[in-house]
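Indexing begins at 1, ligand by ligand and atom by atom, following the structure's order.
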Amino acid sequence: MIIAIDGPAASGKGTLGKRLAQHYGFAHLDTGLLYRAVAHGLIGAGKPLTDEAGAAIVARKLAVETLDDETLRGAEMGAAASMVAAYPAVRAALVQLQRAFAARPEGAVLDGRDIGTVICPDAEVKLFVTATPEERARRRHNELSGRGDAISYDEVLADIRVRDDRDASRSVSPLKQAPDASLLDTTKMDIDAAFRAAVAIVDAASA
Ligand code: CDP
């Protein structure tokens, strides 16, 4: 079974994806890490974020096993990721890797922006997870402060708005809810409530 989770920045997709994967014994891929790793690799090679061809070369060399969470999770890499994620050559380079992951025999949960629409349009379960920009900024600000990232709430909110706009308006694989996805608005839910709601949707789909 494939569970596709999409949604805007800091909506809780990653945490939800991880918990669902544990619950069902599935593999989990946070696809945002792929785009973060492309940006990180490009910067590490001394190339500008405007270098689409260079970004595609980095993307072709990525492997799921080498995604290093800690260096990629910061706010700066999130903003850089959303720039390289708009390049068609980068997205094309990452399609097969994501589909191969989705085909894992034990089942897979993938979270991102275009999983239900482009990467796995035939996924058995599709969730579109969202929350108000202010609530998402509050959660991400807590998370980043916990990591020691000195960024203000207002800066996080501004970054989220810019990224949401860029992700939703790009020409390739824009962020949007698949017509057959279940909408999960977690603005008033904590992670346990969101998890229970998601399990109810998955169980109903597989019954
Ligand atoms: O955790 P957060 O929602 O802040 O970001 P992320 O999921 O790690 O994604 C970082 C950036 O990568 C996003 O702003 C998107 O531009 C891009 N992305 C994408 O285009 N497609 C995906 N499937 C996943 C991420």
Nearest protein heavy atom to [atom], by residue and atom, and its distance?
{"atom": "atom 7 (O) of ligand 1", "answer": "R113 NH1, 3.1 Å"}
{"atom": "atom 17 (C) of ligand 1", "answer": "A85 CB, 3.6 Å"}
{"atom": "atom 12 (O) of ligand 1", "answer": "Y35 CB, 3.6 Å"}
{"atom": "atom 24 (C) of ligand 1", "answer": "T31 OG1, 3.4 Å"}

Sidechain N-carboxylate O distance under 4.0 Å for [X], [Y]:
{"X": "D192", "Y": "R19", "value": "yes"}
{"X": "E135", "Y": "R139", "value": "yes"}
{"X": "E134", "Y": "R161", "value": "yes"}
{"X": "R91", "Y": "D114", "value": "yes"}

Q. Has the side chain of E52 got a donor or acceptor atom that lies under 3.5 Å from a matching backbone atom of A89?
A. yes
As an exercise, identify every atom of ligand 1 less than 4.0 angstrom from a heavy atom of [X].
{"X": "K13", "answer": "3 (O), 7 (O)"}
{"X": "G112", "answer": "22 (C), 23 (N), 24 (C)"}
{"X": "G32", "answer": "6 (P), 7 (O), 8 (O), 9 (O), 24 (C), 25 (C)"}
{"X": "R140", "answer": "1 (O), 2 (P), 4 (O)"}
{"X": "A10", "answer": "2 (P), 3 (O), 4 (O)"}
{"X": "D167", "answer": "13 (C), 14 (O), 15 (C), 16 (O)"}
{"X": "A81", "answer": "10 (C), 11 (C), 12 (O)"}

Q: Verify side-chain hydrogen bond (donor to acceptor under 3.5 Å, both in side chains) between D154 and S152, making sure each step is shown before the conclusion.
A: CA-CA 5 Å; D154 287 342; S152 72; 5.4 Å; no
Q. Going by distance only, is there an N or O of Q98 that falls short of 3.5 Å from an N or O of ligand 1?
A. no
Q) So, do Y35 and L62 sit near enough that their side-chain heavy atoms are less than 4.5 Å apart? A) no
Q) Within a strict 4.5 Å, meaning less than it, do heavy atoms of the L67 and L29 side chains meet? A) yes
Q: May I ask whether R170 has any heavy atom positioned less than 4.0 angstrom from an atom of ligand 1?
A: yes
(Q) Any atom of ligand 1 sitting under 4.0 Å from a heavy atom of R91? (A) yes
Q: Kindly check if the number of other-residue, nucleotide or ligand heavy atoms within 6.0 Å of CD (E124) is above 12?
A: yes
May I ask you to identify, for [X], whether its side chain, its backbone, both or neither come under 4.0 Å of ligand 1 on a heavy-atom basis?
{"X": "S82", "result": "both"}
{"X": "R36", "result": "side chain"}
{"X": "M77", "result": "neither"}
{"X": "R163", "result": "side chain"}

Q) What residue among I3, V199, L184 forms side-chain contact (heavy atoms from CB on, under 4.5 Å) with L16? A) L184
Q) Going by atom types only, do R163 and S82 share a side-chain donor-acceptor pair under 3.5 Å? A) no
